[in-house]
Amino acid sequence: MRQKLEAVLSSLEASAVAVSGGVDSMTLAVVANRLLGRERVTMMHAVSPAVPPEATERVRYFARREDWDLRILDAGEFADENYVANPVNRCFFCKGNLYGTISKLSDRQVLSGANTDDLGEYRPGLDAARNHQVRHPYLEAGIDKKGVRALARELGLGDLAELPASPCLSSRVETAIAIDPETLTAIHAIERLVGSELAPKTVRCRVRKSGIVIELDEQSLIGMASDRQPALSGTIAALLPAALVNQPISFAPYRNGSAFVGARP
């Protein structure tokens, strides 16, 4: 598996890895840098209200630890009305802005951390990648998410291997509700609060037309005492921006991608 990935990377003259801070792109960046060196690999990390600060901190930490050539950029997606409107294919506009910005800053081959599991899900970002001739080394090497985590452990990156999935904060907002930086800040704060209070395996703060829904993994949801919900709801409400403060707050089982609503192109 590692040999196949390294063969793909070695075939490139020079590359720019889009690094989000998650296990996929971070592991790819480590492999590429250790194999090819900073002269042939640049890491590109975009910061925005949709990116949790701890993801950026993780990228900066690994850049120091692994001696990356790291560039921090603003992809400008919040200036794109198509992205802000939050259609069901919002990720197409997000990734389009990201890859377009990277291509303006570098003439190197852009690489993503997409793995074979992504092919079985709705991923409009892959369409944007195709438009910008982005290559996906894990796909070319036939590596899935489980393989990425195994590779991270093989490389001595146990801290990365166990990172839970954490898509961008905009993924918490129901389709057709406009993406607002203040709302994303509140979502992040609420998830951190619930995480510290309940220590769940998974937590998502969904902003829906029907209200605010805190999704938890089944075990955490069952284990949360019903009499604790009112107090926790009150604390959550205090973190909401003025536009959402009167929205009802409820708790529900976690469902992957549940904020996406409507026909998918």
Side-chain angles (χ1 to χ4, degrees), residues 15-22 24-26 28 42-53 55-56 59 71-115 117-139 165-188 191 204-209 241 243-244 255-265:
S15 58
V17 183
V19 184
S20 67
D24 299 325
S25 62
M26 293 286 284
L28 178 63
T42 299
M43 314 309 168
M44 300 286 201
H45 175 69
V47 294
S48 87
V51 178
T56 299
V59 171
R71 302 184 190 181
I72 304 294
L73 59 96
D74 178 357
E77 72 270 31
F78 279 81
D80 183 349
E81 62 183 16
N82 292 307
Y83 171 85
V84 173
N86 194 20
V88 72
N89 64 338
R90 181 197 66 248
C91 293
F92 174 83
F93 301 105
C94 176
K95 294 298 187 182
N97 281 284
L98 172 63
Y99 298 138
T101 301
I102 292 176
S103 297
K104 289 177 182 177
L105 296 174
S106 172
D107 59 1
R108 296 185 169 193
Q109 172 64 57
V110 181
L111 306 180
S112 92
N115 64 72
D117 286 354
D118 295 325
L119 299 178
E121 300 179 355
Y122 177 59
R123 297 279 181 170
L126 291 176
D127 295 328
R130 191 176 304 110
N131 290 346
H132 290 275
Q133 293 77 51
V134 174
R135 289 180 63 173
H136 314 289
Y138 292 138
L139 296 184
S166 183
C168 79
L169 295 171
S170 294
S171 68
R172 276 69 154 171
V173 182
E174 187 175 280
T175 299
I177 297 177
I179 302 297
D180 173 68
E182 189 178 10
T183 297
L184 300 187
T185 298
I187 287 171
H188 183 248
E191 290 186 354
R204 296 286 188 271
C205 173
R206 307 291 193 192
V207 175
R208 304 186 183 281
K209 295 180 181 68
L244 299 175
R255 290 191 298 116
N256 181 40
S258 67
F260 289 102
V261 177
R264 298 181 175 186

Visitor: About how many Å separate CZ of F260 and CG of N86, when rounded to the nearest 0.5 Å?
Guide: 8.0 Å
Visitor: Specify the closest pair of heavy atoms between R204 and P167, including all atoms of both residues, with the distance to one decimal.
Guide: NH2-CD, 3.4 Å
Visitor: Verify the neighbour count for atom CD of E81: are there more than 12 heavy atoms of other residues, nucleotides or ligands below 6.0 Å?
Guide: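 Atom CD in E81 is not packed in, count stays at 12 or less.
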Visitor: Please report the shortest heavy-atom distance between R206 and G257, naming the atom on each side.
Guide: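 In terms of heavy atoms, the two residues are closest at NH2-N, 3.9 Å.
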Visitor: Under 3.5 Å, side chain of S170 to main-chain N/O of A50, donor-acceptor pair present?
Guide: no
Visitor: For residues N131 and F92, determine if any side-chain heavy atom of one lies less than 4.5 Å from a side-chain heavy atom of the other.
Guide: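 In contact.
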Visitor: Can you confirm whether S171 sits close enough to R90 that some side-chain heavy atom of one is under 4.5 Å from a side-chain heavy atom of the other?
Guide: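 Yes, side chains in contact.
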Visitor: Rounded to the nearest 0.5 Å, what separation is found between the CG atom of L126 and the SG atom of C91?
Guide: 10.0 Å
Visitor: Would you say NZ of K104 has more than 12 non-hydrogen atoms from neighbouring residues, nucleotides or ligands within 6.0 angstrom?
Guide: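 No, not enclosed.
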Visitor: Quick one: does V207's side chain get under 4.5 Å of E174's, heavy atoms only?
Guide: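 Answer no - side chains too far apart.
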Visitor: Rounded to the nearest 0.5 Å, what's the gap from CZ on R208 to OG1 on T175? Could you check?
Guide: 9.5 Å
Visitor: Hey, could you give me the CG/CD1 distance between D107 and I102, rounded to the nearest 0.5 Å?
Guide: 13.0 Å
Visitor: Given L169, which partner from the list V51, I179, L184, T183 fulfils the side-chain contact (heavy atoms from CB on, under 4.5 Å) test?
Guide: L184
Visitor: Measure across Q109 and Q133 and return the closest heavy-atom pair with its distance rounded to 0.1 Å.
Guide: NE2-O, 2.8 Å
Visitor: Minimum heavy-atom separation for A16 to M44, with atom names?
Guide: CB-CG, 4.2 Å
Visitor: Looking only at heavy atoms, which two atoms of E77 and V84 are closest? And how far apart?
Guide: O-CG2, 4.3 Å
Visitor: Could you tell me the separation between the NE2 atom of H188 and the SG atom of C205, rounded to the nearest 0.5 Å?
Guide: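 It comes to 11.5 Å.
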Visitor: Which donor-acceptor pairs under 3.5 Å do the side chains of residues 93-100 make with protein atoms, sequence neighbours left out?
Guide:
| residue | atom | partner | partner atom | Å |
| --- | --- | --- | --- | --- |
| N97 | ND2 | D80 | OD2 | 2.9 |
| N97 | ND2 | F93 | O | 2.6 |

Visitor: Supply the atom-to-atom distance L119 CG to H136 NE2, rounded to the nearest 0.5 angstrom.
Guide: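 The distance works out to 8.5 Å.
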Visitor: Please walk me through it: do I187 and V173 pass side chain to side chain contact (heavy atoms under 4.5 Å, CB included)?
Guide: CA-CA 9 Å; I187 287 171; V173 182; 3.9 Å; yes
Visitor: I'd like to check the ring-ring contact (aromatic ring centres under 6.0 Å, His included) partners of Y138; sequence neighbours left out, ordered by chain and number.
Guide: none
Visitor: Report yes or no: do T42 and R108 form a side-chain donor-acceptor pair below 3.5 Å?
Guide: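 Per modelled atom types, T42 and R108 side chains form a pair under 3.5 Å.
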Visitor: Is there side-chain contact between V110 and S103, with heavy atoms separated by less than 4.5 Å?
Guide: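 Answer yes - side chains close enough.
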